[in-house]
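Notes for the one structure printed next.
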Amino acid sequence: MRKIIVVFILIGAFSHPYLALGVESRKVTGRLSLGYDNLTLTQNESTISHSFSSIYLDSKLSLFPHRKRFGGIFRFQNGFKVISDEENIAFNQADLGLALLISPRFSSEIIGELKQKDIFPAEDSSVQGEYGYSYWHSGVSLKFNGEDFNCSIKYLYHQRNYKDKDFFDSKDHQVQLMTNYPLSCTLTVCLTGKVTTSRFSRQQEASLQELQELSLQEHHTDTLYEISLGSQWIDNFLINPSYAFQRNTSDYSEYSFYAHQFSIIAAIPLYWEVTLQCYGQLQFCRYESQGSSSPSPPDEDNNEQSHDVLVLSLSRDIFKRYSLEMRYLLSQTGTSSSSGKYRRQSCSLSMSYLF
């Protein structure tokens with residue numbers, strides 16, 4: 001397995017288009033991390049703790065850099081994570097964004113993202129902390145840039161397929177309307193409205209025969225309505241607090257809920273050229289009935305499904321191309337029953353190098 005890891009890292013490094021092409025409009029970052037992870041599952045009161053090491057490469061390439069009305073960015077990421085003697089995780093992601101300036105006031109953007117996550121459990125492993133999946137994300141947006149404000153409308157499509165847990169598979173359609181209004185040169189307010197329709201699979205949650213006996217469909221559909229209000233202050237520091245009200249309706253009442261969500265993003269320079277970055281999210285949910293379950297399993301690389309999240313990091317450039325980062329992650333989710341609840345904590349120390 002160690003040989004497979006080394007081969008994967010070498011293939012990932014040399015497959016990056018920036019390293020292979022040697023183009024000028026590139027930005028390549030490599031990161032090596034060591035850390036400790038702790039996952040607690042409320043259903044059986046079990047705790048999974050392990051140390052991990054990971055290597056990660058992130059490449060960004062500017063497309064059509066000399067075009068004034070048309071441009072784009074291509075980004076490719078690969079990483080490999082070794083979790084004690086339990087399992088190894090391979091991560092690959094490609095992102096493409098194309099922007100078109102239609103007129104001085106209107107612009108359009110097309111985005112696409114493909115993510116692949118593979119889990120390689122050890123032969124003597126007794127637990128599995130994460131699950132492999134493939135994820136596709138695409139969308140198109142139209143933006144208006146006014147003198148006093150700007151607004152945009154966006155359509156997004158998401159599709160996630162888990163390799164071992166079919167009943168977590170989902171297909172999402174989202175329409176989003178967002179407006180920004182600057183109150184001053186440092187303060188901007190933002191109002192956003194979203195409507196997301198999600199179709200979840202129920203297979204493996206119950207067999208097809210059991211679903212028919214219970215008069216349940218093979219899939220269930222949720223519709224999430226969300227309106228949020230946020231602000232952004234940029235001066236000597238960055239702070240971005242926001243509040244969102246969410247209403248989710250479903251074919252089955254155990255998935256329907258009301259939620260109030262508070263979040264904040266901040267970046268504050270400290271002493272000795274150290275920067276503190278913070279992301280926090282707190283969600284208060286009220287489900288219409290008992291017995292609901294989490295729509296996705298724990299995933300350290302994706303906190304979208306977590307109800308409560310806290311990420312703290314301290315970073316500092318130590319040389320021209322090197323930087324250090326200390327990071328702490330706390331995420332947890334839960335529903336009206338304990339079957340879907342978990343709590344994850346992670347601490348890591350990383351060194352990055354800019355090629």
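- Put simply, L270 and L238 are part of two different groups of oily side chains (I, L, V, M, F, W, Y) that touch within less than 4.5 Å, one to the next.
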For this session: Under the side chain to side chain contact (heavy atoms under 4.5 Å, CB included) rule, what do F52 and V82 come out as? Steps first, then yes or no, please.
Result: CA-CA 5 Å; F52 65 86; V82 180; over 6 Å; no
Problem set entry | Stepwise side-chain hydrogen bond (donor to acceptor under 3.5 Å, both in side chains) test for Q116 and N92 | CA-CA 5 Å; Q116 182 81 17; N92 295 276; over 6 Å; no
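- Residues V28 and Y322 are members of one and the same hydrophobic cluster, defined by side-chain heavy-atom contacts under 4.5 angstrom among Ile, Leu, Val, Met, Phe, Trp and Tyr.
- Heavy-atom neighbours of R67 CZ from other residues, nucleotides or ligands within 6.0 Å: at or below the threshold of 12.
- Taken together through direct or relayed side-chain contacts under 4.5 Å among Ile, Leu, Val, Met, Phe, Trp and Tyr, L310 and I264 form parts of separate hydrophobic clusters.
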Problem set entry | Stepwise side-chain hydrogen bond (donor to acceptor under 3.5 Å, both in side chains) test for Q277 and Y279 | CA-CA 7 Å; Q277 295 181 336; Y279 171 71; over 6 Å; no
Exercise. Where do I111 and D95 land on the side chain to side chain contact (heavy atoms under 4.5 Å, CB included) test, with the steps shown first?
Worked result: CA-CA 8 Å; I111 58 175; D95 299 88; over 6 Å; no
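- With sequence neighbours excluded, the residues that form a side-chain contact (heavy atoms from CB on, under 4.5 Å) with Q174 are L156, Q176, K194, T196.
- Proximity of L142 to I102: side-chain heavy atoms (C-beta onward) are separated by under 4.5 Å at one or more points.
- Of the inter-residue distances, the one linking Q283 atom CD with D308 atom CG reads 7.5 Å to the nearest 0.5 angstrom.
- In terms of modelled atom types and a separation under 3.5 Å, the side chain of D172 and the main chain of H158 share no donor-acceptor contact.
- For the pair K115 and Y135, the cation-pi criterion (under 6.0 Å, within 45° of the ring axis) is fulfilled.
- Annotation: Y36, atom OH; neighbour count of heavy atoms from other residues, nucleotides and ligands within 6.0 Å is above 12.
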For this session: Let me see the working for N145 and N150 under side-chain hydrogen bond (donor to acceptor under 3.5 Å, both in side chains), right down to the final yes or no.
Result: CA-CA 4 Å; N145 298 291; N150 61 67; 4.7 Å; no
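- Side-chain N/O atoms of S256 and S250 include no donor and acceptor closer than 3.5 Å.
- No donor-acceptor contact under 3.5 angstrom links the side chains of N180 and T188, judged on distance only.
- A distance of 7.0 Å separates CD1 in I265 from OG in S242, rounded to the nearest 0.5 Å.
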Exercise. Would T40 and N38 satisfy side chain to side chain contact (heavy atoms under 4.5 Å, CB included), going step by step from the backbone distance to the final call?
Worked result: CA-CA 7 Å; T40 301; N38 181 286; 3.5 Å; yes
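- Proximity of a side-chain donor or acceptor of R327 to a complementary backbone N or O of L349 within less than 3.5 Å is not detected.
- Aromatic ring pairs are classed by plane angle as parallel below 30°, tilted from 30° to 60° and perpendicular above 60°; the pair F76 and F74 is parallel.
- Placement of L191 and F149 in two distinct hydrophobic clusters is found when ILVMFWY residues are connected by side-chain heavy-atom separations under 4.5 Å, directly or transitively.
- For Y155, the OH atom sits in a packed shell: over 12 heavy atoms of surrounding residues, nucleotides or ligands are nearer than 6.0 Å.
- Taking the ring axis of Y225 as reference, the NZ or CZ atom of R247 does not stay both within 45° of it and closer than 6.0 Å to the ring centre.
- Between the CZ atom in R75 and the NZ atom in K27 there is a gap of 9.0 Å [rounded to 0.5 Å].
- In terms of modelled atom types and a separation under 3.5 Å, the side chain of S108 and the main chain of S141 share a donor-acceptor contact.
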For this session: Could you walk me through whether Y157 and H137 pass ring pair (Phe, Tyr, Trp, His ring centres under 6.0 Å), step by step?
Result: CA-CA 6 Å; Y157 173 76; H137 167 91; 9.1 Å; no
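- Side-chain contact of Q77 with Y56: a donor-acceptor pair under 3.5 Å is present, judged by distance alone.
- Between E113 and R160 there is no salt bridge, since no side-chain N of the basic residue sits under 4.0 Å from a carboxylate O of the acidic one.
- The OH atom of Y328 sits 14.0 Å away from atom CG of L314, with the distance rounded to the nearest 0.5 Å.
- Here the CG-NZ distance, from N88 to K81, works out to 11.0 Å after rounding to the nearest 0.5 Å.
- No continuous path of ILVMFWY side-chain contacts below 4.5 Å connects L229 to I234, so the two sit in separate hydrophobic clusters.
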Exercise. Is there a side chain to side chain contact (heavy atoms under 4.5 Å, CB included) between I89 and I83 once you walk through the steps?
Worked result: CA-CA 8 Å; I89 300 175; I83 302 178; 3.7 Å; yes
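- Ring orientation note: the planes of F245 and H260 are tilted relative to one another, at an angle of 30° to 60°.
- One finds a salt bridge joining R344 and D37 here, because a Lys/Arg side-chain nitrogen approaches an Asp/Glu carboxylate oxygen to under 4.0 Å.
- Residues N248 and Q246 bring no donor and acceptor atom of their side chains to less than 3.5 Å of each other.
- Side-chain N or O atoms of R69 include one that pairs as donor or acceptor with a backbone N or O of L101 at under 3.5 Å.
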